[in-house]
*Asks:* 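Okay, here's the structure, questions in a sec.
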Amino acid sequence: GENVEQHPSTLSVQEGDSAVIKCTYSDSASNYFPWYKQELGKRPQLIIDIRSNVGEKKDQRIAVTLNKTAKHFSLHITETQPEDSAVYFCAASITGGGNKLTFGTGTQLKVEL
Amino acid sequence: GAVVSQHPSWVICKSGTSVKIECRSLDFQATTMFWYRQFPKQSLMLMATSNEGSKATYEQGVEKDKFLINHASLTLSTLTVTSAHPEDSSFYICSALSSTFTSSYNEQFFGPGTRLTVL
């Protein structure tokens, strides 16, 4: 089955700096890659997603890049703010293949003032 | 749109009892729902895929007789933890795939989660 690795496990940045979180996946059939933000005790919140026919997608301060050949994708957050502090998860799934999500291990992002 | 609710939000029970958790899609039909378990400071682990009108598909290592899943309608799936033990204490989260929001194809909409504590 699919295996998703995520790095780093913790990331501390100064407010205003950029943060980058990287994930790799094992199943070349995976074609949908969402990123979630989860605050303590809350549900995962979709912040951005990308499909395999696109190499990059941006939404304001958040961007995701995908390298299908290398089977890795990354989340980029620019101009970080304290409210960006949370746990971020990447995930991968196969459209039509049950649509099951395999999650990465998570990154605890802390944005310091 | 695309709201998923869960009930209860938290539950405390004694060891050996059974607990039922409900997952509802409030404004859309969900032919497929998923159940996840999340231990503290860990990732979400898929337990099973629930399809309306058919038996759930369990992930490897998940006991189907212990975690009973019923998806009786297009808006409701239930997870029953039978004979719960302290090691079953966890955060249980459901999600639903929408067959209505075609612009969100593939996107899973998550419920708020249920915190289960087994004493």
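Since we're looking at a predicted model, the values are computed, not measured. So that the names make sense, note that chain A is the first sequence line, chain B the second, and so on, each numbered from 1.
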*Asks:* What option among P40(B), P112(B), G113(B) has the most heavy-atom pairs under 4.5 Å with chain A?
*Replies:*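 Highest number of pairs under 4.5 Å: P112(B).
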*Asks:* Taking C-beta and beyond as the side chain, do Y25(A) and C90(A) meet within less than 4.5 Å on heavy atoms?
*Replies:*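 Result no, sub-4.5 Å side-chain heavy-atom pair not found.
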*Asks:* Can you tell if the side chain of Y58(B) reaches within under 4.5 Å of the side chain of I69(B), non-hydrogen atoms only?
*Replies:*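 Y58(B) vs I69(B): side chains touch.
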*Asks:* Do F67(B) and V19(B) belong to the same hydrophobic cluster, where Ile, Leu, Val, Met, Phe, Trp and Tyr are linked whenever their side-chain heavy atoms lie under 4.5 Å apart, directly or via other members?
*Replies:*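 In one cluster: yes.
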*Asks:* Hydrogens and angles aside, do Q29(B) and E52(B) bring a side-chain donor and acceptor to less than 3.5 Å of each other?
*Replies:*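 Looking only at side-chain atoms, E52(B) and Q29(B) do not form any donor-acceptor pair under 3.5 Å.
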*Asks:* Heavy-atom distance under 4.5 Å to chain B: side chain of P34(A), backbone, both or neither?
*Replies:*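 Neither part.
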*Asks:* Which atoms of F89(A) come close to chain B, meaning under 4.5 Å heavy atom to heavy atom: side chain ones, backbone ones, both, or neither?
*Replies:*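 Only the side chain of F89(A) comes within 4.5 Å of chain B.
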*Asks:* Classify the angle between the aromatic ring planes of Y36(B) and F103(A) as parallel (below 30°), tilted (30 to 60°) or perpendicular (above 60°).
*Replies:*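 Perpendicular.
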*Asks:* Any donor and acceptor pair, going by atom type alone, linking the side chain of Q6(B) with main-chain N or O of C94(B) inside 3.5 Å?
*Replies:*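 Checked: pair present.
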*Asks:* Side chain from CB out, backbone as N, CA, C, O: work out which of these in Q38(A) comes under 4.5 Å of a heavy atom of chain B, or both, or neither.
*Replies:*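 Answer is side chain: those atoms of Q38(A) sit under 4.5 Å from chain B.
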*Asks:* Side chain, backbone, both or neither: which part of I93(B) has an atom under 4.5 Å from a heavy atom of chain A?
*Replies:*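 Contact with chain A: side chain only.
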*Asks:* Counting only non-hydrogen atoms closer than 4.5 Å, does F110(B) touch chain A with its backbone (N, CA, C, O), its side chain (CB onward), both, or neither?
*Replies:*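 Both parts, backbone and side chain.
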*Asks:* Please state whether the side chain, the backbone, both or neither of E59(B) comes within less than 4.5 Å of a heavy atom of chain A.
*Replies:*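 Only the side chain of E59(B) comes within 4.5 Å of chain A.
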*Asks:* Let me know if T105(A) has heavy atoms under 4.5 Å from chain B in its side chain, its backbone, both or neither.
*Replies:*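 Backbone only.
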*Asks:* Pick one of side chain, backbone, both or neither for L101(A), based on which atoms fall under 4.5 Å of a heavy atom in chain B.
*Replies:*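 For L101(A), the contact with chain B is made by backbone and side chain together.
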*Asks:* Side-chain donor-acceptor pair under 3.5 Å between T102(A) and E2(A), yes or no?
*Replies:*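 Not at all, the side chains of T102(A) and E2(A) share no donor-acceptor pair under 3.5 Å.
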